[in-house]
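Below is one structure, written out as structure tokens; the observations come after it.
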Amino acid sequence: MNRLSNNTAQAEKRSSILSSNPVMRRLNKVDAYSETNASSYGGITLKTVYFLLFTVAGIILQLILSASLASGETLKLNYEGFEVSLYKSEAIALGGAVIAAIVFQLLAFFAKPTVPVTGALYCVTQGYILSFLIFKVLKGYEYLGVLALAITMLIILVMAILYSTGVIKVTKKFKMVMLTLFVTVIAGSLLTLAASFIPFTREIALAVTNNFAISIISSVIFIIIAALFLICDFDTIDHVVKDKLPKKYEWQAAFGLAFTVLWLYLKVLDIIITIAGRNKN
């Protein structure tokens, strides 16, 4: 009884709008307890690898479909300075992947028992999108995808060390910094979007959107936010393991961590594409 009371107190203490990503935030409110079938770091690690392997499957799927969809009408696009030649069927498949990613993400967030399946399918769609960026947009510069991966792994390692050594702790002040950064970026993005629809502010909005320096600063802030989310994820995983939540919660913890890692990689890749596109031209 005391154990459950302590877990409930910890859950209330950890509950916050930005304690971590939506999957992890639900875990912070769990006060279940299991002595014989509790979650473990090893179990969460294996399940995280499981989700990331589905991302690799998504990359392979895009490469296979790209060959089979290479026919018919083509579209010419410019993405961050890179000229992209895209078959109409490829564009439809990419749009389908984006929509599927949103659907599976929402299902994984709100239908917790489905996470092993919906989380895996979400990772497949993310792999498909990442593969498109690396092998279609960065065609001829695919090594930049490897560079983005190396930077992402370095950030994860640094954040893990900073958290495990106690240099960074998940406190109210830490969460306030996250909230401030997050709200600032989101508010700026929404204001720019709204301004693009207003005739007398449209040119200003387009100038801001196409400004290289502003794009880089915005991307860096998103990377910082993603890195801070990693710290929160590590803290939640500690809660899951140390408070001995039932083993079924490993799936949510693993998907939450995989979600943050993929988001971080996408943001790192995005800033590399932006810089490479400018240098290319």
Does some side-chain heavy atom of [Y] sit less than 4.5 Å from a side-chain heavy atom of [X]?
X	Y	result
T125	V98	no
I156	T152	yes
K247	S40	yes
F234	S164	no
L138	L133	no
I223	L264	yes
F135	I59	yes
M153	L149	yes

Can you give me the closest heavy-atom contact between [X] and [Y], atom names plus distance?
X	Y	value
W251	P116	CD2-CG, 3.6 Å
A91	L75	CB-CD1, 4.1 Å
E250	I44	CG-CG1, 3.8 Å
A120	F51	N-CE2, 3.5 Å
K47	A254	CB-CB, 3.4 Å
Y163	D238	OH-OD2, 2.6 Å

* Check the pair L269 / L144 against side-chain contact (heavy atoms from CB on, under 4.5 Å), numbers first and verdict last. => CA-CA 8 Å; L269 182 62; L144 292 177; 5.5 Å; no

Same hydrophobic cluster for [X] and [Y], using side-chain heavy-atom links shorter than 4.5 Å among ILVMFWY?
X	Y	answer
V56	V117	no
L53	L63	no
I214	L191	no
I129	I60	no
L46	L52	no

* Taking it one step at a time, do V124 and F104 satisfy side-chain contact (heavy atoms from CB on, under 4.5 Å)? -> CA-CA 10 Å; V124 170; F104 291 132; over 6 Å; no

* Asked: Going through the distances and angles, do N37 and K248 end up as a side-chain contact (heavy atoms from CB on, under 4.5 Å)?
  -> CA-CA 9 Å; N37 193 33; K248 65 180 182 179; over 6 Å; no

What distance separates [X] [atom1] from [Y] [atom2], expressed to the nearest 0.5 Å?
X	Y	atom1	atom2	result
L69	K88	CG	NZ	13.5 Å
T260	D233	OG1	CG	3.5 Å
L130	I134	CG	CD1	6.0 Å
Q62	K136	CD	NZ	7.5 Å
L107	K112	CG	NZ	14.5 Å
L266	F222	CG	CZ	10.5 Å

Donor-acceptor contact below 3.5 Å, side chain [X] vs main chain [Y]:
X	Y	result
E142	G140	yes
T184	T180	yes
S39	Y249	no
Y265	G145	yes

* Between Y50 and F54, does the ring centre distance come in under 6.0 Å? ->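 Yes, they do, as the ring centres are separated by less than 6.0 Å.
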
* Asked: So, Y122 versus F259, ring centres under 6.0 angstrom or not?
  ->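 Y122 vs F259: aromatic centres under 6.0 Å.
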
